[in-house]
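Below is one structure, written out as structure tokens, with a few remarks after it.
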Amino acid sequence: MNNPQSSATDSNAQTQESELRPSPLSVAEARRAEAVGRHIVLKGWVRTRRDSKAGFSFIEINDGSCFGNVQVIADSHLPNYESEIKRLSPGCSIAVTGSVKASPGKGQATEVQAAEVAVLGTADVESYPLQKKGHSLEFLRTIAHLRPRTNTFGAVARVRNCVCNSIHQYFQERGFIYVHTPVITASDCEGAGAMFQVTTLLDKQRSPLPKAPEAENATPAPGLDFSLDFFNRPAYLTVSGQLEAETFACGLGKTYTFGPTFRAENSNTPRHLAEFWMIEPEVAFCDLYGDMELAEGLLKRIFSDVLEKCAEDMQFFNERIDKTVIEILQHVIGSQFLRVSYTEAVDILNSSGQKFEFPTAWGNDLQAEHERYLTEKHFGQPVILYDYPRTIKPFYMRVNDDGRTVRAMDVLVPKVGEIIGGSQREERLDVLEARMREQGLDPAGYWWYVDLRRYGTVPHAGFGLGLERVIQFITGMANIRDVIPFPRTPGNAEF
RNA sequence: UCCCCGAUAGCUCAGUCGGUAGAGCGAGCGGCUGUUAACCGCUAGGUCCAAGGUUCGAGCCCUUGUCGGGGAGCCA
């Protein structure tokens, strides 16, 4: 950004300045060998302290900038050594002024010789819940406000950040437009499960409920009168931005959304949340095959970015959480996702000799056990299943020429299961309206969506990628509640 | 929502046949040490999830509830 001349000047100035005033450094920077010799200020939280009777203490501090800690050497002649430093315990926040040195010990390249250790905040060792070692993920979930200070959740947060960045880059590099679809929607049936209602009717000061029955003498309806509601109609939290994204794709070409999504299902599993983040690309002039290529390319890009940019975090997951994650990611990056039609999949399952709790028959939706068998046992790698029976898929999926199947696809991965669900959209006006009626929906209620087929319709396709499920797959974290900062599940909205 | 399992020290767990409570880690104190999941010794720490029931007697058996975990469904 600057010319070489001025950057040389800057570095001179920096050298001079470092003798006068310490420069703020992150733990990540201080741990690099290049930092040796620098006069710095380091701020973070104490992870552990070890005292040596030789007259100093080791203080490991972490500031979230990387997985590892930096070791601070605090000599006993520091004025607050007995009064404060020797009382430092996990969770205390401190600011260390000192110099970075090459470490004579094993396990780290550098350490910081403290000239001053200022205690910013103490953490009472009797009441602070995080101890030096061994906490279950279940316990940490009960202290979600403190778990960002642990190795595991720090690593998850950095990986999550990397994944999000990677997703944006992948689409931006390909000319996709990032579209913000509404969080509040009036489309009450997008075929994606129960919805949370958004209403101000329960706020008595705004709009007393009994109004409607009194006004008309008719039998008082037990429900609420939504014509009095904020939006003059029932409104909900979105379960998908797809329908709105299609409107932008049919005008801007290549689009994607990335935002929160809500499902009011009473589902209690390690793979479901009531509030989660979803990425939904929507592409005009794209068929199902292009959709599959986009999905495969996206996943591979995410995986290789994480392996490269979060190497230390991934090493941790591979050692402590799931000893296969790195190997699996590398394997997935290097191999082509298999493409198997639903019909082929059913044949494979029928001739597998495997006993399933639910029988496999053409026309039935695949059960979790079937998907798991295919991706984990039969193929042992990610699989894209496509062309599902029309009877088990929503109205917007394009009907194939056979009339029995639709252009749907699911990307299945080992352990997590369905990570992506997508389809080529039905672009033919008459077929779309027929499909809506077939599923008991009134096309008039979707007039703006149907208009996309009435005016300048084009083939288009898209999919939904569950952010948390991708992170689960990458990190090996078994429970989805541990890959989102503040999980929302039935009965759980603390924090 | 359905099925199965669990809840005991701050944390992770053991607790035999129904006879009134144990370990490791953590904490406090002491020792030792360029340490790094440090190590060694001592000490403190309990409404055994809640309510009810059976019993001379319940951490243990029975009932209900709450919370957590796994599986299923819904899906991403």
Side-chain angles (χ1 to χ4, degrees), chain A residues 47-61 68-75 87 89-91 101 103-108 111 113 124-143 150-151 190-195 239-242 260-280 295 319-320 356-358 365-372 392-394 410-413 416-422 463-473 478-484 489-492 494:
Chain A
R47 283 296 177 81
T48 177
R49 191 200 81 237
R50 295 177 293 274
D51 301 323
S52 169
K53 279 298 187 307
F56 55 89
S57 291
F58 300 99
I59 308 165
E60 283 195 37
I61 70 175
N69 308 324
V70 71
Q71 177 168 282
V72 172
I73 313 298
D75 281 318
R87 294 179 186 174
S89 55
K101 296 184 166 179
S103 176
K106 291 175 185 170
Q108 65 268 328
E111 62 189 29
Q113 181 70 46
D124 175 41
V125 80
E126 293 292 339
S127 58
Y128 186 63
L130 291 174
Q131 301 170 353
K132 232 176 199 172
K133 283 313 291 179
H135 291 295
S136 67
L137 297 171
E138 291 83 1
F139 172 68
L140 292 175
R141 234 170 270 154
T142 68
I143 49 167
T150 64
N151 285 336
E190 296 174 7
M195 305 175 86
V239 293
S240 165
Q242 179 197 319
T261 306
F262 308 87
R263 303 280 162 87
E265 300 289 348
N266 187 12
S267 52
N268 206 322
T269 84
R271 291 177 295 281
H272 290 85
L273 290 166
E275 177 182 298
F276 62 99
W277 288 66
M278 191 154 65
I279 296 92
E280 296 180 287
E319 281 167 16
R320 294 297 181 91
F356 296 109
E357 190 184 343
F358 296 93
D365 210 351
L366 296 178
Q367 303 290 317
E369 56 173 342
H370 304 140
E371 296 183 344
R372 224 181 299 120
I392 59 172
K393 290 293 182 185
D410 283 353
V411 180
L412 310 179
V413 296
V416 176
E418 185 184 341
I419 202 169
I420 282 178
F463 61 81
L465 168 66
L467 176 64
E468 285 76 16
R469 289 190 180 172
V470 176
I471 299 169
Q472 276 191 279
F473 180 72
N479 196 310
I480 200 167
R481 300 169 190 206
D482 298 327
V483 296
I484 188 168
T489 53
N492 190 348
E494 184 92 22

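To find a chain, count down the sequence lines: A is the first, B the second, and so on, and within it residues start at 1.
For the C1' atom pair drawn from B:C75 and B:A37, the interatomic distance equals 40 Å after rounding to whole Å. Across the P atoms, B:A38 and B:A23 are found 22 Å apart, a figure rounded to whole Å. Spacing between B:G26 and B:G71 at atom P, rounded to whole Å, works out to 32 Å. A distance of about 13 Å separates the C1' atoms of B:A14 and B:A9, rounded to the whole Å. B:U43 and B:U47: their C1' atoms are spaced 24 Å apart (whole Å). Distance noted for atom C1' between B:G18 and B:G24: 28 Å (whole Å). Between B:U63 and B:C5, the two P atoms lie 12 Å apart (nearest whole Å). Taking the C1' atom of each, B:G22 and B:C60 are spaced 15 Å apart, rounded to whole Å.
Looking at residues two or more places apart in sequence or on another chain, you find a salt bridge (Lys or Arg N to Asp or Glu O under 4.0 Å) between A:Arg49 and A:Asp51. With sequence neighbours excluded, the residues forming a side-chain contact (heavy atoms from CB on, under 4.5 Å) with A:Gln113 are A:Ile73, A:Asp75, A:Ser99, A:Lys101, listed by chain and number. Among residues two or more places apart in sequence or in another chain, the ring-ring contact (aromatic ring centres under 6.0 Å, His included) test is passed with A:Phe58 by A:Phe56. Residues passing the side-chain contact (heavy atoms from CB on, under 4.5 Å) test with A:Glu319 are A:Gln315, sequence neighbours excluded. In this structure A:Pro490 satisfies the side-chain contact (heavy atoms from CB on, under 4.5 Å) test together with A:Asn266, sequence neighbours excluded. Applying the side-chain contact (heavy atoms from CB on, under 4.5 Å) test to A:Asn268 and every residue at least two apart in sequence or in another chain returns A:Arg481. Partners of A:Phe463 by ring-ring contact (aromatic ring centres under 6.0 Å, His included), not counting sequence neighbours: none found. Annotation: salt bridge (Lys or Arg N to Asp or Glu O under 4.0 Å) contacts of A:Glu371 (sequence neighbours excluded): none.
Anti is the classification of B:U8, since its glycosidic angle lies more than 90° from 0.
Remark: A:Arg271 is in phosphate contact with B:A72, judged by side-chain N or O atoms under 4.0 Å from OP1 or OP2. Contact annotation: A:Ser267 side-chain N/O to B:C75 OP1/OP2 distance is not under 4.0 Å.
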Its contact letters, B for base, S for sugar-phosphate only and - for none at protein heavy atoms under 4.0 Å, make nucleotides 64-69 of chain B read ----SS
Protein-proximity profile, nucleotides 27-35 of chain B, B/S/- by nucleotide at the 4.0 Å heavy-atom cutoff, equals S----BBBB
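Checked by atom type and distance alone, the side chain of A:His370 never pairs as donor or acceptor with a backbone atom of A:Phe356 at under 3.5 Å.
Rounded to whole Å, the distance from CD on A:Glu371 to C1' on B:G71 is 15 Å. Rounded to an integer number of Å, the gap from NE2 of A:His135 to C1' of B:C25 is 10 Å. For the pair A:Phe358 CZ and B:C2 C1', the interatomic distance rounds to 11 Å; values are reported in whole Å. Regarding A:Glu265, its CD atom lies at a distance of 15 Å from the P atom of B:C2, rounded to whole Å.
Put simply, the side chain of A:Leu273 reaches to within 4.5 Å of the side chain of A:Thr489, judged on heavy atoms.
Nucleic acid contact class of A:Ile420 (heavy atoms, under 4.0 Å, all strands): sugar-phosphate only. Residue contacts shown for A:Leu273 include a base, since a base heavy atom lies under 4.0 Å away.
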Secondary structure of RNA chain B per the Watson-Crick/G-U criterion (both distances under 3.5 Å; [ ] crossing, | other strand, . unpaired) is (((((((..((((.....[..)))).(((((.......))))).....(((((..]....))))))))))))....
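A salt bridge is absent between A:Glu418 and A:Arg469; no separation between the charged side-chain nitrogens and carboxylate oxygens falls under 4.0 Å.
For the residue pair A:Gln472 and A:Ala478, the shortest heavy atom distance occurs at NE2-O, 3.1 Å.
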For nucleotides 41-49 of chain B, list the nitrogen or oxygen atoms of the protein found under 3.5 Å from its nitrogen or oxygen atoms, one pair per line.
none

